[in-house]
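Scroll down for the structure; my scribbles are underneath it.
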Amino acid sequence: MRHPAGSRRRGRLMVAWLLGTLPLALLLSAAAWRAERAQHRRGRTTRWLWLAAIAASVLLPLARLPGVLAAMPPEQAQLKLGWFVLSSGMLLLLALRSVWLLSHQRRWQKSTLLGTPVFLSGGIGPCVAGLLRPRIVMPVWLRLISSQQQTLLLAHEQCRLAARDPQLLALAYALIVLMPWNLPLWWQVHRLRFAIEVDCDARMLAHGHAPRDYAIVLRQHGQCYSGLTGASPIVLNDPLALRRRRRLMGRFTRDQAANLL
């Protein structure tokens with residue numbers, strides 16, 4: 001005989017698990033935020049800090065999920081269905097954006113910029129696109145700016161390519177696919193993208209590029225947005241984020257930046 005009270009308790013267990021993932025992600029977000037501020041004061045980058053927060057926000061609750069699912073009463077199967085629909089929808093969105101990218105790739109032209117192989121596009125870039133074989137994508141208007149600015153933009157994307165930024169962002173999105181309804185996770189990814197940009201700034205300084213010239217390039221061309229999932233633009237499309245990056249660049253000494261190479 002089925003006991004309604006026991007069934008309700010098992011049902012509440014799943015709801016409690018779902019709701020419990022949110023304060024956990026918020027707590028980890030707050031901890032990562034405080035640690036990020038401390039790392040910035042020391043002139044250090046924080047990409048791995050935010051990736052760790054994302055991974056912990058997803059994997060720690062998932063460790064308890066098998067027991068929660070085993071105790072779930074059949075009448076609450078719609079919770080699992082809703083979760084599956086959300087995750088499938090996000091996967092479909094990522095797949096559609098990948099198809100969109102592939103359709104544009106056919107129109108890209110192989111070329112060289114200052115001796116470096118690149119792909120020229122009609123409007124996408126500057127960015128690094130692709131996951132298995134990432135490549136530097138530059139807009140055709142890049143040929144109209146000075147060679148010094150071309151050098152800085154190209155060096156920026158080479159830093160991104162060397163740091164495997166597309167793969168790092170793809171890993172973050174893969175984790176979010178497991179919990180797309182967890183809003184604090186999306187904020188963590190936003191902070192990860194900013195940390196990746198700060199990391200790239202530090203690498204540019206470590207390579208000896210003048211901070212003033214680099215800041216000018218960021219101000220003039222930093223608002224170019226590729227719109228590609230996993231291919232972060234040269235800056236986040238936010239003037240406030242750009243100003244904050246310029247302030248943070250002043251905290252990196254040449255020796256601190258060189259540690260990233």
Side-chain angles (χ1 to χ4, degrees), residues 47 89-174 176-177 186 189-190 192-201 203-204 207 209-210 213-243 245-246:
R47 61 164 54 196
M90 184 175 174
L91 277 175
L92 178 61
L93 178 62
L94 293 175
L96 289 175
R97 294 182 75 87
S98 297
V99 171
W100 178 85
L101 174 61
L102 289 173
S103 68
H104 279 72
Q105 283 183 358
R106 298 191 184 98
R107 296 193 290 271
W108 294 348
Q109 299 177 1
K110 289 184 178 181
S111 183
T112 58
L113 180 66
L114 303 177
T116 300
V118 298
F119 282 82
L120 295 179
S121 73
I124 295 174
C127 66
V128 175
L131 182 59
L132 298 179
R133 292 187 303 167
R135 70 287 307 273
I136 296 174
V137 182
M138 292 294 189
V140 292
W141 56 255
L142 201 71
R143 292 174 168 173
L144 303 178
I145 64 178
S146 68
S147 59
Q148 181 189 31
Q149 291 183 330
Q150 290 181 15
T151 299
L152 288 169
L153 289 171
L154 180 61
H156 183 279
E157 301 310 322
Q158 287 174 321
C159 287
R160 186 181 302 288
L161 193 64
R164 300 182 182 274
D165 288 349
Q167 290 87 344
L168 182 63
L169 285 169
L171 176 58
Y173 282 117
I176 284 194
V177 163
W186 290 97
V189 170
H190 171 74
L192 172 63
R193 291 174 68 92
F194 182 79
I196 286 174
E197 296 298 338
V198 174
D199 187 348
C200 195
D201 295 340
R203 292 176 185 272
M204 289 288 290
H207 283 295
H209 297 288
D213 295 336
Y214 179 53
I216 291 175
V217 168
L218 290 180
R219 185 175 67 250
Q220 293 181 348
H221 305 293
Q223 299 306 313
C224 301
Y225 180 62
S226 68
L228 302 179
T229 299
S232 182
I234 189 170
V235 299
L236 300 176
N237 194 20
D238 182 356
L240 293 177
L242 178 56
R243 287 197 291 270
R245 284 175 59 193
R246 291 168 64 185

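- To the nearest 0.5 Å, atom OH of residue Tyr214 and atom NE2 of residue His207 are 11.0 Å apart.
- Here the shortest heavy-atom pairing between Ala172 and Val189 reads CB-CG2, 4.4 Å.
- Side-chain atoms of Leu92 and Leu96, non-hydrogen and from C-beta on, do get closer than 4.5 Å to each other.
- Atom CD of Glu157 and atom CG of Leu161 lie 9.0 Å apart (nearest 0.5 Å).
- Minimum interatomic distance between Ser147 and Leu114 (heavy atoms only, all atoms of both residues): O-CD1, 4.3 Å.
- When all heavy atoms are compared, the tightest approach of Ala155 to Met204 is C-SD, 3.6 Å.
- Between Cys200 and His156 the shortest side-chain heavy-atom distance falls below 4.5 Å.
- The backbone N or O of Leu142 sits less than 3.5 Å from a side-chain atom of Gln150, completing a donor-acceptor pair.
- Within the 4.5 Å cutoff, the side chain of Val118 has no heavy atoms near those of the Arg135 side chain.
- Considering every non-hydrogen atom in both Trp186 and Met90, the closest pair reads CH2-CE, 3.5 Å.
- Of the residues listed (Ile124, Thr116, Leu120), the one engaging Met138 in a side chain to side chain contact (heavy atoms under 4.5 Å, CB included) is Leu120, and it is the only one.
- Counting only heavy atoms from C-beta outward, the side chains of Ile136 and Leu113 never approach each other to under 4.5 Å.
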* Test side chain to side chain contact (heavy atoms under 4.5 Å, CB included) on Arg143 and Ser111 and set out the steps. => CA-CA 12 Å; Arg143 292 174 168 173; Ser111 183; 3.2 Å; yes
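- Leu218 contributes atom CG, which lies 11.0 Å from atom CG of Asp213 (distance to the nearest 0.5 angstrom).
- Minimum interatomic distance between Gly122 and Val140 (heavy atoms only, all atoms of both residues): O-CG2, 4.2 Å.
- Between Phe119 and Gln109, every side-chain heavy-atom pair lies at or beyond the 4.5 Å cut-off.
- For the pairing with Asp165, the salt bridge (charged side-chain N to carboxylate O under 4.0 Å, His left out) check across Arg203, Arg193, Arg160 returns one residue only, Arg160.
- Residues satisfying the side-chain contact (heavy atoms from CB on, under 4.5 Å) test with Ala215, not counting sequence neighbours, are Arg246.
- Minimum interatomic distance between Val137 and Ala129 (heavy atoms only, all atoms of both residues): CG2-CB, 3.9 Å.
- Pairs passing the side chain to side chain donor-acceptor pair (under 3.5 Å) check and including a residue from residues 119-129, sequence neighbours excluded, do not occur.
- Considering only heavy atoms from C-beta on, Leu154 comes within 4.5 Å of Gln158 through its side chain.
- The structure places CG of Leu192 at 10.5 Å from CD of Glu197, a figure rounded to the nearest 0.5 Å.
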